[in-house]
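The structure appears right after this line, and notes come after that.
Letters A, B, ... mirror the listed sequences (proteins, then strands); counts begin at 1.
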There are 2 protein chains.
Amino acid sequence: MEFSKEILKGILETLILYVISQGPKHGYLVARTIGKMTDGKIEIQDGTLYPILHRLEKKGLITGSWVETGQTRKRKEYTLTQQGKEMLKEQAGQWQTLSEILTQVVEEVL
Amino acid sequence: MEFSKEILKGILETLILYVISQGPKHGYLVARTIGKMTDGKIEIQDGTLYPILHRLEKKGLITGSWVETGQTRKRKEYTLTQQGKEMLKEQAGQWQTLSEILTQVVEEVL
DNA sequence: GTATTATGCATTGTATAGCTATGTATAGAA
DNA sequence: TTCTATACATAGCTATACAATGCATAATAC
């Protein structure tokens, strides 16, 4: 993890919703996808990943179903629900505002 | 507070360092300055503000000194230290990266 | 032949950040 | 006279991300 521990709080949930919105994924694949799209800057740990997935499922934002692959062990594949889609849009709106604030500071400091 | 509770974790410390870097400020003024620069989107609560200031002082990133104003009650005015300046630059670098990730998602979702 | 890495899910305990509520204190406006 | 703004501070709560640990299998490296 390149980022400081605390900067990511509240960010990861939305990032996970986003990658699942681009197509159903099981947990392990979610983490690897985020790793790739951030050039390894965000490598979600197991102890972070699975609790978040359970949380999102409990909130009704994603639904999980066990899939037999025959090759590896069983995977739990998650899909975004309608509620999840709405939440993602709402969060993206907040990110837009947040991003503007961050950029303003970055431009003056760097 | 317009933002969801968790999205700000790890953001406020840096934002506070930033406004103090633009000129020494006492706590209350720090909060109001951030309120103005974010159009009221970030209104830091007392119970959040003062613990952060104490934390930053303990870390040596800012130094505080009591100032008698004669008008209102005593103010504790904070100034950024050299260490604070370095930390701010480091954090700004992380924000740049973070901002790029947020923007990428925002553009595809909205 | 054995050890390590990658895949894949899960839980327990810990540290920490921001919030609410509360307390102290004064000045000006309604 | 009551409410709002100024100004600082702390105790207790909740939630998030992390490290550590455990289970289980397949492929690759040595």
Side-chain angles (χ1 to χ4, degrees), chain A residues 1-17 24-36 38 40-59 62 64-78 91 98, chain B residues 1-17 24-36 38 40-59 61-62 64-78 91 94 98:
Chain A
M1 189 77 67
E2 206 198 59
F3 285 107
S4 69
K5 205 171 170 177
E6 298 304 334
I7 212 173
L8 292 171
K9 290 212 170 167
I11 304 287
L12 292 181
E13 261 194 26
T14 302
L15 209 50
I16 289 174
L17 284 182
K25 281 174 190 61
H26 62 282
Y28 195 78
L29 183 56
V30 165
R32 279 190 302 148
T33 304
I34 289 175
K36 275 185 192 168
T38 63
K41 278 160 201 132
I42 301 180
E43 296 287 349
I44 304 184
Q45 307 305 313
D46 282 15
T48 303
L49 175 67
Y50 295 105
I52 291 181
L53 290 171
H54 299 160
R55 214 156 66 212
L56 293 173
E57 193 174 20
K58 211 174 170 182
K59 288 182 190 170
I62 56 175
S65 59
W66 286 99
V67 176
E68 296 280 357
T69 63
Q71 302 235 322
T72 57
R73 62 167 290 183
K74 275 196 292 182
R75 295 169 177 170
K76 197 169 180 186
E77 195 166 77
Y78 292 98
Q91 288 299 114
L98 181 65
Chain B
M1 191 74 71
E2 207 199 55
F3 285 107
S4 68
K5 206 169 170 177
E6 297 304 334
I7 212 173
L8 292 171
K9 292 216 169 162
I11 304 289
L12 292 181
E13 261 196 26
T14 302
L15 209 50
I16 288 174
L17 285 181
K25 282 175 189 62
H26 61 281
Y28 197 76
L29 184 56
V30 164
R32 279 191 301 149
T33 303
I34 289 176
K36 275 184 192 168
T38 63
K41 279 162 201 131
I42 301 182
E43 296 287 350
I44 304 184
Q45 308 304 312
D46 283 14
T48 303
L49 176 66
Y50 296 105
I52 291 180
L53 290 171
H54 300 160
R55 214 157 66 212
L56 292 174
E57 194 175 19
K58 210 173 171 183
K59 288 182 191 170
L61 304 177
I62 57 176
S65 60
W66 286 99
V67 176
E68 296 280 354
T69 62
Q71 302 234 324
T72 58
R73 60 168 292 182
K74 277 196 293 185
R75 294 169 178 169
K76 197 169 181 186
E77 196 167 77
Y78 292 98
Q91 289 299 115
Q94 292 207 1
L98 181 64

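No side-chain heavy atom of A/I16 sits under 4.5 Å from any side-chain heavy atom of A/E13.
Shortest non-hydrogen contact noted between A/E57 and A/G64 is OE2-N, 3.1 Å. A/S4 and B/Q94 get closest at one heavy-atom pair: N-OE1, 3.2 Å. Across all non-hydrogen atoms, the minimal contact from B/E43 to B/G35 is OE2-CA, 3.9 Å.
To the nearest angstrom, P of D/dA17 lies 13 Å from CD1 of A/I7. One can place CD of A/E13 at 7 Å from P of D/dA17, the figure rounded to the nearest angstrom. Rounded to an integer number of Å, the gap from A/K58 NZ to C/dT11 P is 11 Å. Regarding A/I44, its CD1 atom lies at a distance of 15 Å from the C1' atom of C/dC9, rounded to whole Å. Atom CG in B/L8 sits about 13 Å away from atom P in D/dA17, given to the nearest Å. Atom NZ in A/K9 sits roughly 16 Å away from atom P in C/dT14 (whole-Å rounding). As rounded to whole Å, 14 Å separates atom C1' of D/dT25 from atom CD of A/E68. Between A/K41 atom NZ and D/dA17 atom C1' the separation is 20 Å, expressed in whole Å.
Residue pairs meeting the salt bridge (Lys or Arg N to Asp or Glu O under 4.0 Å) criterion with at least one partner in residues 25-36 of chain A, sequence neighbours excluded, do not occur; the list is empty.
Every residue two or more places apart in sequence or in another chain that forms a side chain to side chain contact (heavy atoms under 4.5 Å, CB included) with B/T38 is listed here: A/I101, B/I34, B/K41, B/I42. In this structure B/E6 satisfies the salt bridge (charged side-chain N to carboxylate O under 4.0 Å, His left out) test together with B/K9, sequence neighbours excluded.
Note on the helix from C/dG1-D/dC30 to C/dA30-D/dT1: angle between the axes of the first and last five pairs equals 10°, rounded to 10 degrees.
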Would you list the atom pairs, donor with acceptor, under 3.5 Å between side chains in residues 46-54 of chain A and any protein atom, with sequence neighbours excluded?
residue, atom, partner, partner atom, Å
A/H54, ND1, A/Y50, O, 3.3

### Query
Where along nucleotides 5-11 of chain D does protein come under 4.0 Å, by heavy atom, of base (B) or sugar-phosphate alone (S), with - for untouched nucleotides?
SBBBBB-
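Salt bridge annotation for B/R75-B/E68: absent, with no cationic side-chain nitrogen under 4.0 angstrom from a carboxylate oxygen.
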